[in-house]
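Every heavy atom of this structure was used, including side-chain atoms; hydrogens, water molecules and symmetry mates were not.
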Amino acid sequence: MSIAPGYMTAAMATLIIAAMVYDNARLITPNESRCPPLAPLRVRRAALEDAAQWGLGLRMHGQIAPAAYQQATPSRP
């Protein structure tokens, strides 16, 4: 049993149109989040804080010079 090519084309066109309507509806709904997820930002901030603590530990134990520590430590805004 084979499906006529016209039906397959119509079915594909219907799916594409449905996807376009769905995407447009998601763009205009007020509940759609415009902000990036906070989890990656928290992970990055935690990694930076861990790196700062590691550098502070090295500085306190005299394993790096004060000038190198100041150069490697990012300034906080």
Legend entry - Members sharing Tyr22's hydrophobic cluster (side chains within less than 4.5 Å):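 Answer for Tyr22: none, a lone residue.
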
Legend entry - Rounded distance [0.5 Å steps], CZ in Arg42 versus CD in Glu49: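 Output value for this atom pair is 12.5 Å.
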
Inset, instruction - Please lay out, stage by stage, how Asp50 and Trp54 fare under the test side chain to side chain contact (heavy atoms under 4.5 Å, CB included). - result: CA-CA 6 Å; Asp50 287 345; Trp54 178 267; over 6 Å; no

For residues 11-18, please give each side-chain donor-acceptor pair under 3.5 Å, one per line with the distance, not counting sequence neighbours.
residue, atom, partner, partner atom, Å
Thr14, OG1, Ala10, O, 2.7

